[in-house]
Amino acid sequence: MKNRKSLILVKLGGSLITDKKKPFTAKLDVIKRLAKEIHRAQGKVDAKLIVGNGGGSFTHFVSEEYDLINGLKNSTSYKGLAQLQEATVRLNQIVVQELIKAGENAFTLHPSSFIFADTKQLNKVFLEPLLKLLTLDMLPVVYGGAIFDLQKGVIDFSTEKTLNFLALQLGKYYKIERVIYCSKTDGVYDHKGKTIAMIMTKDFPKVKKLIGKTEGIDVTGGMLHKVEESIKLAKSGIPSLIINGSRKNELLDVLLIGSHHGTLIK
């Protein structure tokens, strides 16, 4: 029987599962493969899983057009909010459908219905539905997107921030083994384009400068954000891995034996 006190959170990056150059274009072959890898691991890994999917081309264009990251500013913002929510749910359902086809009892928890923010900072969460799901033979699936904010009305929050917030909150009930970010690169690259195998919190100021120099050629476009969020987790004793989800069975190998070609942050 699985150790109900261990938990792994997995993020399927938006750049990995969508074509960011084409609005509302999912990479079904990639999603199908990752769903199968997750299902293969579920029967063997001694931990519960939570999956989060990025928004990619389903949300980037909408959020940018309406500037929802800075909240509700005028009547047009409400139109944008409706479109953003529809787009995030649409992609999430594609991911959930493929997980179900792969054999998982995937179940979406919409962040806007159980997480609340204040001045762009997540600060309240109603954990009971998620905690209940984790006791059942179900796979919770979340995403980033619209989160209601006490001061801003609503904000567009990244899946990294949403997942990491949950990891910190769930640490009261579970041992968080790690958070795994599936991107399109073999982890974090240095200035020569080589993978940095490990980043310690004390080394981050130095590494940050290297990431800044290479971010322009980083296909994810948000590697620094991933590392910054991972550093926050590391300071609470939760390690993170940034791996290449484009590499066949990379996620499976990480889940089962910890083997990877990416970057460990601790």
Side-chain angles (χ1 to χ4, degrees), residues 2 4 6-18 26-28 30-56 58-59 88-115 125 127 129-145 157-170 174 176-184 226 229-230 233 238 240-246 249-256 260 262:
K2 292 178 181 177
R4 299 295 180 180
S6 293
L7 186 63
I8 300 172
L9 295 90
V10 179
K11 190 232 173 173
L12 308 180
S15 294
L16 175 65
I17 63 174
T18 74
K27 295 180 179 178
L28 278 175
V30 174
I31 297 173
K32 288 177 183 290
R33 176 178 54 77
L34 291 169
K36 290 177 182 178
E37 290 184 27
I38 288 170
H39 180 62
R40 287 176 62 188
Q42 273 278 50
K44 300 176 181 179
V45 67
D46 191 26
K48 295 288 290 184
L49 299 183
I50 294 177
V51 172
N53 67 271
F58 279 70
T59 62
T88 52
V89 170
R90 197 191 327 169
L91 177 58
N92 174 260
Q93 284 306 294
I94 292 173
V95 173
V96 167
Q97 286 168 9
E98 294 307 323
L99 284 165
I100 291 174
K101 290 177 184 177
E104 286 300 306
N105 297 321
F107 189 102
T108 298
L109 282 176
H110 304 283
S112 59
S113 66
F114 74 104
I115 298 176
V125 59
L127 278 180
L130 180 54
L131 289 171
K132 181 60 178 179
L133 262 185
L134 288 170
T135 67
L136 306 175
D137 185 22
M138 306 294 290
L139 174 63
V141 184
V142 298
Y143 53 88
F157 244 75
S158 70
T159 306
E160 282 91 355
K161 286 183 177 290
T162 302
L163 269 184
N164 291 4
F165 182 67
L166 289 179
L168 293 172
Q169 296 296 314
L170 290 168
Y174 288 86
I176 312 299
E177 289 192 5
R178 55 193 178 276
V179 177
I180 303 171
Y181 299 110
C182 298
S183 68
K184 288 183 64 180
K226 292 182 180 65
E229 289 302 311
S230 297
L233 290 179
I238 301 173
S240 300
L241 279 170
I242 300 177
I243 64 169
N244 191 343
S246 300
N249 290 330
E250 182 82 350
L251 176 57
L252 178 64
D253 288 343
V254 169
L255 288 171
L256 292 184
H260 64 91

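For clarity, every value in this text was computed on a predicted model and none was experimentally measured.
- With sequence neighbours excluded, no residue forms a salt bridge (charged side-chain N to carboxylate O under 4.0 Å, His left out) with Lys36.
- Summarising the geometry, atom NE2 belonging to His110 is positioned 12.5 Å from atom CD1 belonging to Ile115; distances are rounded to the nearest 0.5 Å.
- For Phe114, the CZ atom is densely surrounded, since the number of other residues' heavy atoms within 6.0 Å is greater than 12.
- Scanning for salt bridge (charged side-chain N to carboxylate O under 4.0 Å, His left out) contacts around Lys132 gives an empty result, with sequence neighbours left out.
- Atom NZ of Lys184 sits about 9.0 Å away from atom CG of Asn244, to the nearest 0.5 Å.
- Taken to the nearest 0.5 Å, the CG atom of Leu255 stands 10.5 Å off from the CD atom of Glu250.
- Contact of the Ser246 side chain with the Leu16 side chain is registered, since non-hydrogen atoms from C-beta on lie closer than 4.5 Å.
- Two residues are said to be in side-chain contact when any heavy atoms from C-beta on lie closer than 4.5 Å; Pro140 and Leu134 meet this criterion.
- Considering only heavy atoms from C-beta on, Leu7 comes within 4.5 Å of Ile50 through its side chain.
- Taking every heavy atom of both residues into account, Val142 and Pro111 meet most closely at CB-CG, 4.5 Å.
- Atom CD1 of Ile94 is separated from atom CZ of Phe58 by 4.0 Å, given to the nearest 0.5 angstrom.
- Using a cutoff of 4.0 Å between basic side-chain nitrogens and carboxylate oxygens, Arg40 and Glu37 are not scored as salt-bridged.
- Atom OG1 in Thr88 sits 9.0 Å away from atom CG in Asn53 (nearest 0.5 Å).
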Practice prompt. Test side chain to side chain contact (heavy atoms under 4.5 Å, CB included) on Val96 and Leu139 and set out the steps.
Written response: CA-CA 9 Å; Val96 167; Leu139 174 63; over 6 Å; no
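- The shortest heavy-atom contact between Lys48 and Leu136 is NZ-O, 2.9 Å.
- Using a 4.5 Å heavy-atom cutoff, the side chains of Val95 and Thr108 are not in contact.
- The closest side-chain heavy-atom distance from Ile17 to Leu91 is below 4.5 Å.
- Checking each of Val45, Leu252, Leu99 against Ile38 for a side chain to side chain contact (heavy atoms under 4.5 Å, CB included) leaves exactly one that passes, namely Leu99.
- Between Gly144 and Thr162, the closest heavy-atom pair is CA-OG1, 4.1 Å.
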Practice prompt. Start with the C-alpha distance between Val10 and Cys182, add both sets of side-chain angles, then the distance that settles side chain to side chain contact (heavy atoms under 4.5 Å, CB included), and finish with yes or no.
Written response: CA-CA 7 Å; Val10 179; Cys182 298; 4.2 Å; yes
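- Of the possible polar contacts, one joining the Ser183 side chain to the Ile243 backbone as a donor-acceptor pair under 3.5 Å is found.
- At a threshold of 4.5 Å between non-hydrogen side-chain atoms, the residues Val254 and Arg178 count as touching.
- The heavy-atom pair separating Thr18 from Gly55 by the smallest distance is CG2-O, 4.1 Å.
- Put simply, the side chain of Leu131 reaches to within 4.5 Å of the side chain of Leu170, judged on heavy atoms.
- The CG atom of Leu241 sits 10.5 Å away from atom OH of Tyr181, with the distance rounded to the nearest 0.5 Å.
- In this structure, Ile176 and Ala167 approach most closely via the heavy-atom pair CG1-O, 3.5 Å.
- Contact detail for Ser230 and Asn164: the closest heavy-atom pair is N-ND2, 4.2 Å.
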